[in-house]
Amino acid sequence: MTYSVAVSGASGYAGGEILRLLADHPDIEIRTVTAHSNAGQPLIDHQPHLRSLAHLTLQDTTPEILAGHDIVFLALPHGQSGQYTDALGDTPLVIDAGADHRLTSADAWDAFYGGTFHEPWTYGVPELPVAGAKQREHLRGATRIAAPGCNASTVSLSLAPGVAAGVIDPGDIVSVLAVGPSGAGKSLKPNLLASEILGSANPYAVGGTHRHIPEIRQALAAASPSTGSGTQTGTGSGTQTSSGSGTQTGSETQRIGISFTPVLVPMSRGILATSSAPIVEGATDAQIRAAWQDAYADETFVHVLPEGRFPRTADVIGANTALIGLAIDRAANRVTVVAAVDNLVKGTAGAAIQSMNIALGLPETRALSVNGVAP
């Protein structure tokens with residue numbers, strides 16, 4: 001079966017990456033691409049690397065144009081997807097690469113985003129440990145999927161195994177991330193100009209203000225063995241529900257304490273996340289390392305490196321791969337986890353397409369590569 005697809009926000013970075021991956025998907029026909037200010041222009045003018053899609057022209061992003069497809073990808077800024085998802089009730093599968101359907105708590109949305117709160121959809125991080133299982137089980141047959149925030153999924157994948165195994169204390173997490181500016185989108189912003197980025201490292205959203213913080217807390221709370229099924233789940237009808245309390249005010253979420261500091265660095269793609277958390281009393285080195293190795297032993301796209309080895313962003317560029325290095329610092333009584341991903345692939349578009357494959361019952365790895373591009 002071939003599925004017809006529409007991609008909104010197709011002139012941006014996330015939309016372009018979704019298109020790049022879908023272009024090699026044997027079960028997908030990219031039928032429609034849409035944009036706002038760039039509507040009416042050839043796609044190739046904005047995505048000149050997508051030579052196989054040169055025949056497509058950007059259309060207006062309207063519910064009428066997006067409707068009538070088997071799958072719709074929304075690659076829009078936060079706060080903009082909801083107006084379309086509400087009107088796409090007849091579309092069999094909708095995947096939102098924005099933030100509008102990620103959070104289960106209206107209070108968290110109000111505090112970090114503002115505007116209209118929309119119902120949570122099934123969270124699109126298949127490998128994420130969820131109270132004794134994996135999030136992919138909730139993605140099977142899902143009809144509404146919320147692709148993750150790139151920083152959020154990187155930190156969550158970094159620490160969820162330790163939370164699930166009870167070997168780290170999630171109440172005192174510290175995460176510092178080196179990130180490429182492509183994660184901020186294609187809109188012209190002075191702080192993202194090359195003259196501002198090159199030769200400099202620039203922290204932003206310091207002091208607990210970054211919008212991915214509630215998403216991280218939500219994901220790590222779901223990994224806690226005390227939360228039950230713990231995270232967003234989808235139903236065949238397209239109605240999405242959340243198990244447990246469904247809010248960020250539950251005791252499990254409240255006990256997730258994180259200091260989160262992203263730093264823009266002069267690389268177009270990539271995230272290198274360094275996260276640490278206290279070791280729970282009595283946890284042995286063998287138990288700590290086993291928590292991560294066991295969690296990801298059978299995963300195609302998440303690899304725990306041998307002891308003493310740590311990843312580079314250069315090793316994952318262009319790949320749907322997350323590489324994780326683990327250090328046990330007994331002097332500080334903390335576990336340090338270093339994770340590298342391509343923010344546009346594993347962090348966004350790759351996660352969306354991997355989740356799509358699972359939802360449709362296709363091979364999970366279809367159109368996705370573990371191999372990066374080097375040098």
In short, ring-ring contact (aromatic ring centres under 6.0 Å, His included) pairs touching residues 66-91 with sequence neighbours left out are H78-Y113
**Message:** Strictly by ring-ring contact (aromatic ring centres under 6.0 Å, His included), give each pair with a member in residues 257-280 just once, sequence neighbours left out.
**Reply:**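 Applying ring-ring contact (aromatic ring centres under 6.0 Å, His included) to every pair that reaches into residues 257-280, excluding sequence neighbours, yields H210-F260.
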Less than 4.5 Å apart, any side-chain heavy atom of [X] and any of [Y]?
{"X": "E215", "Y": "L103", "answer": "yes"}
{"X": "D60", "Y": "I65", "answer": "yes"}
{"X": "S224", "Y": "R255", "answer": "yes"}
{"X": "I271", "Y": "C150", "answer": "yes"}
{"X": "V72", "Y": "I95", "answer": "no"}
{"X": "L21", "Y": "V345", "answer": "yes"}
{"X": "S11", "Y": "L58", "answer": "yes"}
{"X": "L88", "Y": "L66", "answer": "yes"}

Inset, instruction - Return the set of residues passing side chain to side chain contact (heavy atoms under 4.5 Å, CB included) with T365 (not counting sequence neighbours), or none when no residue passes. - result: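 Once residues adjacent in sequence are excluded, the partners of T365 under the side chain to side chain contact (heavy atoms under 4.5 Å, CB included) criterion are T300, F301.
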With sequence neighbours left out, the residues meeting salt bridge (Lys or Arg N to Asp or Glu O under 4.0 Å) with E29 are R31
Hits for salt bridge (Lys or Arg N to Asp or Glu O under 4.0 Å) against R136, two or more places apart or cross-chain, chain-then-number order -> E299, E364
Requested in this report: Could you please spell out the steps behind the side-chain hydrogen bond (donor to acceptor under 3.5 Å, both in side chains) verdict for S200 and N202?
Outcome: CA-CA 6 Å; S200 181; N202 304 281; 3.2 Å; yes
Only one of S158, S175, S259 passes side-chain hydrogen bond (donor to acceptor under 3.5 Å, both in side chains) with S275, and that residue is S175
When you look at T57 and L43, which way does the side chain to side chain contact (heavy atoms under 4.5 Å, CB included) test go after all the steps?
CA-CA 5 Å; T57 297; L43 174 67; over 6 Å; no
Checking [X] now: which residues fulfil side-chain hydrogen bond (donor to acceptor under 3.5 Å, both in side chains) with it, not counting sequence neighbours?
{"X": "T209", "result": "none"}
{"X": "T85", "result": "H101"}
{"X": "Q293", "result": "none"}
{"X": "D285", "result": "R330"}

Q) Using links of under 4.5 Å between side-chain heavy atoms of ILVMFWY residues, direct or through other members, which residues join V263 in one cluster? A)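 V176, V265, M267, all in the cluster of V263.
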Is L323 isolated, or which residues cluster with it under the ILVMFWY side-chain rule of less than 4.5 Å, directly or via members?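 Grouped by the 4.5 Å side-chain rule, L305, V316 form the rest of the cluster around L323.
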**Request:** Test I168 against I173 for side chain to side chain contact (heavy atoms under 4.5 Å, CB included), laying out the working first.
**Result:** CA-CA 9 Å; I168 61 172; I173 294 167; 5.7 Å; no
Side chain to side chain contact (heavy atoms under 4.5 Å, CB included) test vs V125 passes for just one of L139, L157, V130, namely L157
Would the distance check show the side chain of D100 and the main-chain N or O of G82 forming a donor-acceptor pair, the cut-off being under 3.5 Å? yes
Return yes if some donor-acceptor pair links the side-chain N/O of R211 with the main-chain N/O of F112 below 3.5 Å, else return no. yes
Within a reach of under 6.0 Å around CD of E307, are more than 12 heavy atoms found that belong to other residues, nucleotides or ligands?
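Counting neighbours around CD of E307, 12 or fewer heavy atoms of other residues, nucleotides or ligands fall under 6.0 Å, so no.
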Return all side-chain donor-acceptor pairs below 3.5 angstrom for residues 12-19, not counting sequence neighbours, or 'none' if the list is empty.
{"from": "E17", "atom 1": "OE1", "to": "R20", "atom 2": "NE", "distance (Å)": "3.3"}
{"from": "E17", "atom 1": "OE1", "to": "R269", "atom 2": "NH2", "distance (Å)": "2.8"}
{"from": "E17", "atom 1": "OE2", "to": "R20", "atom 2": "NE", "distance (Å)": "3.2"}
{"from": "E17", "atom 1": "OE2", "to": "R20", "atom 2": "NH2", "distance (Å)": "2.7"}
{"from": "E17", "atom 1": "OE2", "to": "R269", "atom 2": "NH1", "distance (Å)": "3.1"}
{"from": "E17", "atom 1": "OE2", "to": "R269", "atom 2": "NH2", "distance (Å)": "3.4"}

- Query: salt bridge (Lys or Arg N to Asp or Glu O under 4.0 Å) between R334 and D172: does it pass, once the steps are laid out?
  - Reply: CA-CA 10 Å; R334 297 179 75 90; D172 182 20; 3.1 Å; yes
Practice item. Walk me through it: do I145 and D96 pass the test side chain to side chain contact (heavy atoms under 4.5 Å, CB included)? Key: CA-CA 6 Å; I145 296 171; D96 185 9; over 6 Å; no
Do Y204 and V155 land in one hydrophobic cluster if side-chain heavy atoms of ILVMFWY residues count as linked below 4.5 Å?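 Yes, same cluster.
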